[in-house]
Amino acid sequence: MLDMKYIRENLDETERRLRTRGGESYLDGFRELDERRRKLLKEGEALKALRNSVSDEIGRTKDKSQVQDKILEMREVSHKIKGLDEELNQVDEQLHSFLLTVPNLPHLTTPVGISENDNVLVRSWGEPRKLAFEAKPHWDLGEDLGILDFERGAKITGARFTLYRGAGARLERALINLMLDLHTDTHGYQEVLPPFMVNRDSMTGTGQLPKFEEDLFKLVDPEFFLIPTAEVPVTNIHRGEILKKGDLPIRYCAYTPCFRREAGSYGKDTRGLIRQHQFNKVELVQFVHPLESDAELEALTGHAEKVLQLLELPYRTMALCSGDIGFSSAKTYDIEVWLPGQSCYREISSCSTFGDFQARRASIRFREDEKGKPEFVHTINGSGLAVGRTLVAILENYQQSDGSVLIPSALRTYMGGMERITR
RNA sequence: GGAGAGAUGGCCGAGUAGGUCGAAGGCGCUCGCCUGCUAAGCGAGUAUACUGGGAAACCGGUAUCGAGGGUUCGAAUCCCUCUCUCUCCGCCA
């Protein structure tokens, strides 16, 4: 959520920056609602002040017969107040739900552009492997090796669900452990294991709701949502809290499964593990001082990249342009891993700073000093990494001409010493 | 699922025959005084949001005692609904 006062005072500038996201208009109607709200507020509060002081006087008068006329008068005033309050509540609600649907302002360093074609290459690491034979896509490798069972997954649940078996299941688990160990032991994150279902307030706090309900799996009674990313429960750990300056930065990492409806992507990536309704992810989440967020985003992105370096998987890091960043994001780096089976780079991590956008929605604040006013923290997060896609990258990059797959050396202890997956 | 208890400021905890309660008291914290170490003692301060005024320091108004609604001139206090927490029973990984 954007700061109402900031919008009020910088309406044109804000609108201009929002439009770099590609939409037509974002703030139509704000001015009218805002002015109407303040008018109603002023009127109602004046009447309440009157009522308070007269009621006080009535209370101090022993002989109530002397103040009968005032009681009657205040009855009228209260009636008026009630009407004004109702009107105000309506306007408030309109304004609030309006603000909840306005996306974040792009960061000043976010490249301006329309689509993913305008994203900017920041750096690349490793050489895309040239295999001496025809590379197989991971779905063929996985089925041939008997470690990925797409048919059974579809039978058990439906499309975009997969059954992992044997070394495949073990590899997924090994990756989760490798990532968690790296981030906790060397990058200084605290591991948390949050609930996988959250309530509406949590989804609103991080920005998934109210706008993107159709992307979520929802339970009806009680009304809970399956998390689409650990960002949601982990960021909401501190919803409604005022943190101490000394607490910052707070760094959490969490393994969770993620559940996404993938509405609107029918027919896209229908084969293999790339786009599933349920996938595993290790997520990095930080609560930082506003002055630190830019630097911490760089650091966090580096933490995610480190996983790929350990696994010796070639990747590149892209700065997403204003037209391609997500609703809540101010700035996003995507890390894309090279997939020889498909001869392309695919997103394996997305690292974003949200500025105070989520913190304002979720009311996560800190005090600069003991007596200071609470200020909003900045939140940043990123995948470190998407586990299923990492498994895909390993299968495709480490495949051998005989159809077997070598295990990257960093992963072997986690695989009980296994060096190669064979049929 | 059944029965009961409860939700007050950073924490603990008063306040329920409605008015002087944004809320006693204690702890914690901040600042000052005092004390030739640490400690103790004394004094003052110590919620948040919105809103009006002001360059600012700050001053005023309104709201908030789990959430929402109701009764009333007036509600932390009365009524209703909901949420959450705790205890006991049942069930269960």
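Here is the naming used below: chain letters follow the sequence lines, and residue numbers restart at 1 for every chain. Worth knowing before you read on, the calculation uses all heavy atoms, side chains too, and leaves out hydrogens, waters and symmetry mates. Fair warning: this is a prediction, and the values are worked out from it, not measured in the lab.
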With a non-hydrogen cut-off below 4.0 angstrom, is [X] in contact with a base, only sugar-phosphate, or nothing?
X	result
A:K48	sugar-phosphate
A:K5	sugar-phosphate
A:I58	base
A:R60	nothing
A:K64	base

Atom [atom1], compared across [N] and [M]: separation rounded to whole Å:
N	M	atom1	result
B:C91	B:A14	C1'	41 Å
B:A23	B:U64	C1'	12 Å
B:G60	B:G6	C1'	39 Å
B:G90	B:G13	P	30 Å
B:G25	B:G68	C1'	32 Å
B:A76	B:C65	C1'	5 Å
B:G66	B:U8	P	6 Å
B:G41	B:C34	C1'	8 Å

N-O pairing of A:E223 and A:K218 below 4.0 Å:
yes
Please compare A:N52 and A:R365 by the position of their nearest nucleotide in RNA chain B and report the one closer to 5'.
A:R365
Salt bridge (Lys or Arg N to Asp or Glu O under 4.0 Å) contacts in which one or both residues fall within [range], not counting sequence neighbours:
range	value
residues 178-187 of chain A	none
residues 77-97 of chain A	A:R36-A:E87, A:R37-A:D92, A:K48-A:D85
residues 273-295 of chain A	A:E262-A:R275, A:D269-A:R275, A:K281-A:E283

Using only heavy-atom distances, determine whether the side chains of [X] and [Y] contain a donor-acceptor pair under 3.5 Å.
X	Y	value
A:S404	A:T422	no
A:E191	A:Y255	no
A:H289	A:E368	yes

RNA chain B contacts among residues 75-100 of chain A, heavy-atom distance under 4.0 Å
A:R75, A:S78, A:K82
Residues of residues 192-210 of chain A with a heavy atom under 4.0 Å from any atom of RNA chain B, listed by number, are none
Compute the centroid of each ring, for A:F376 and then for A:F354, and state whether the two points are separated by less than 6.0 Å.
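They do not qualify: ring centres at least 6.0 Å apart.
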So what is the 5' to 3' dot-bracket string for RNA chain B, if pairs are Watson-Crick or G-U wobble with both distances under 3.5 Å, crossing pairs use [ ] and | means the partner sits on another strand?
((((((((.[[[..)...(.....]]]((((((.......))))))(((((((....))))))).[[[[[..)....]]]]])))))))....
Can you tell if the side chain of A:L391 reaches within under 4.5 Å of the side chain of A:L273, non-hydrogen atoms only?
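The answer is yes; the side chains approach within 4.5 Å.
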Sequence neighbours left out, what passes side-chain contact (heavy atoms from CB on, under 4.5 Å) with A:Q190? Give chain and number order.
A:V192, A:Y252
Please enumerate all residues that pass side-chain contact (heavy atoms from CB on, under 4.5 Å) together with A:S115, with sequence neighbours excluded.
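Residues passing side-chain contact (heavy atoms from CB on, under 4.5 Å) with A:S115: A:N117, A:D118.
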For A:E15, the salt bridge (charged side-chain N to carboxylate O under 4.0 Å, His left out) test, sequence neighbours excluded, returns A:R19
Among residues at least two apart in sequence or on other chains, which ones pass salt bridge (charged side-chain N to carboxylate O under 4.0 Å, His left out) with A:E305?
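A:E305 satisfies salt bridge (charged side-chain N to carboxylate O under 4.0 Å, His left out) with A:R123 only.
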Residue list, ring pair (Phe, Tyr, Trp, His ring centres under 6.0 Å) with A:H138, at least two apart or on another chain:
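For A:H138 there are no ring pair (Phe, Tyr, Trp, His ring centres under 6.0 Å) partners, ignoring immediate neighbours.
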Can you pull the contact range of chain A along RNA chain B, 5' to 3', using atoms under 4.0 angstrom from its heavy atoms?
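Nucleotide range in contact with chain A: B:G19 to B:G74.
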